[in-house]
Amino acid sequence: MAKVRKAVIPAAGMGTRFLPATKAIAKELLPIVNKPSIQLIVEEAAASGIEEVIVITGRGKTEIVDHFDAHPQLEETLRRAGKEALLREVVRPSQMVKMATVRQQRPLGLGHAILCARHLIGNEPFAVFLPDDLVDAQKPCARQLIDVYEATGRSVVALMNVPREETSAYGIAAGAVDVRDPRLVNISAMVEKPAVVDAPSTQAIVGRYVLDPCVFDYLSRTNPGRGDEIQLTDALAAMIVERGLYGYLFEGNRFDAGDVTGYLLANLNWARRTPRIWAAIEQYVAAHAGGVPR
Ligand code: G1P
């Protein structure tokens, strides 16, 4: 079984849910505590065994690439000042994975963004990380999926149960739980952002996928769907019949960092790791519990 070594991170979206913050700043660079959110994604990729990451960018996204580049001048300044801990933090993003970028020239959808990486992926399985979805898990979410792929040879998407009224915000997958593992779902149908009454289940696709390279053939034949965009969900739905597809009800907590509330909750979640910051938040919340801030 081919190892999953490469990943695609589509980061060309305009971040309209976060305006005006994202008018001049890529949403992927908004910080979770003190790290750009996309760094958490690349950390998850590296911790999952990914060696090469292809970031799909667009206009106004070049600073993402700068963040993962070396910065000799800053490094030298920190070294001279003896700020070793900060220096390590500054150097780390440039050493986690090999990185390449591809520009998606037109906003034709998630499926199209993935297709832009075809020539760099070649004929090997790969992971996809949607950078809005941050997952805090003991075993990295992508690693959970890679383990399924490497054991079965079948493409797999991350799933989580959502309240029925939220199904219209996600790709929804229907299927039967596999007898070998209660987290594994044999997907039989998929639909992108259905009307709530049409949702075939309450199992939502979360932004982690491990895909066989044959998905590129399906993507190249996929017509624009919801929102007049080429949807990854539609390509995967076409793949089910001929190739099969698993869903995996991953273990971990997912935050939608592309949404203001989800982003703030993600900040609280990761702030808990720094006792000094968390103590200040607890103090603030205790002092303001039940009250509306002025
Ligand atoms: C994308 C996918 C959708 C998935 C979601 C998860 O939608 O198209 O199937 O459920 O990510 O976050 P987006 O939220 O980018 O519109």
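Excluded from the calculations below are hydrogen atoms, water molecules and symmetry mates; all remaining heavy atoms, backbone and side chain alike, are included. Both ligands and their constituent atoms are indexed starting at 1 by order of listing.
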Inset, instruction - Within a distance under 4.0 Å of any heavy atom of Asp133, pick out the atoms of ligand 1 and give their elements. - result: 6 (C), 12 (O)
Legend entry - ligand 1 atoms in contact with Gly171 (distance to a heavy atom under 4.0 Å): 3 (C), 4 (C), 9 (O), 10 (O)
Legend entry - Nearest neighbour in protein (non-hydrogen) for atom 5 (C) of ligand 1: Ile205 O, 3.9 Å
Inset, instruction - For Thr233 and ligand 1, answer yes if some heavy atom of the residue is under 4.0 Å from a ligand atom, otherwise no. - result: yes
Legend entry - Under 3.5 Å donor-acceptor, Ser201 side chain and Ala173 backbone: yes
Legend entry - Atoms of ligand 1 close to Tyr170 [distance to a heavy atom under 4.0 angstrom, numbered from 1]: 10 (O)
Inset, instruction - Given side-chain hydrogen bond (donor to acceptor under 3.5 Å, both in side chains), test Asp136 with Asn253 step by step and report yes or no. - result: CA-CA 5 Å; Asp136 190 7; Asn253 289 320; 5.6 Å; no
Legend entry - The single option from Glu51, Glu52, Glu150 passing salt bridge (Lys or Arg N to Asp or Glu O under 4.0 Å) against Lys3: Glu51
Inset, instruction - Output yes when a protein non-hydrogen atom is found under 4.0 Å of atom 15 (O) of ligand 1, and no otherwise. - result: no
Inset, instruction - Please verify whether a non-hydrogen atom of Leu130 lies at under 4.0 Å from ligand 1. - result: yes
Legend entry - Contact with ligand 1 for Arg254, non-hydrogen, under 4.0 angstrom: yes
Inset, instruction - Before giving the answer on side-chain hydrogen bond (donor to acceptor under 3.5 Å, both in side chains), spell out for Gln203 and Tyr170 the whole-Å C-alpha distance, their side-chain angles and the decisive distance to 0.1 Å. - result: CA-CA 9 Å; Gln203 289 174 348; Tyr170 297 93; over 6 Å; no
Legend entry - Short N or O distance, Ala169 and ligand 1, threshold 3.5 Å exclusive: no
Legend entry - Residues Arg17 and Asp256 bridged, charged N to O under 4.0 Å: yes
Inset, instruction - Look only at interatomic distance and state if Arg17 has a nitrogen or oxygen under 3.5 Å from any nitrogen or oxygen of ligand 1. - result: no
Legend entry - Residue, atom name and distance, where the atom is the protein heavy atom closest to atom 9 (O) of ligand 1: Glu192 OE1, 2.7 Å
Legend entry - Polar proximity ligand 1 side, Lys193 side, N/O cut 3.5 Å exclusive: yes
Inset, instruction - State plainly whether the residues Asp217 and Arg221 are in salt-bridge range, i.e. N to O under 4.0 Å. - result: no
Inset, instruction - Supply the atom-to-atom distance Arg243 CZ to Leu211 CG, rounded to the nearest 0.5 angstrom. - result: 11.5 Å
Inset, instruction - Examine distances only and state if a side-chain atom of Tyr263 and a backbone atom of Pro31 form a donor-acceptor pair shorter than 3.5 Å. - result: yes
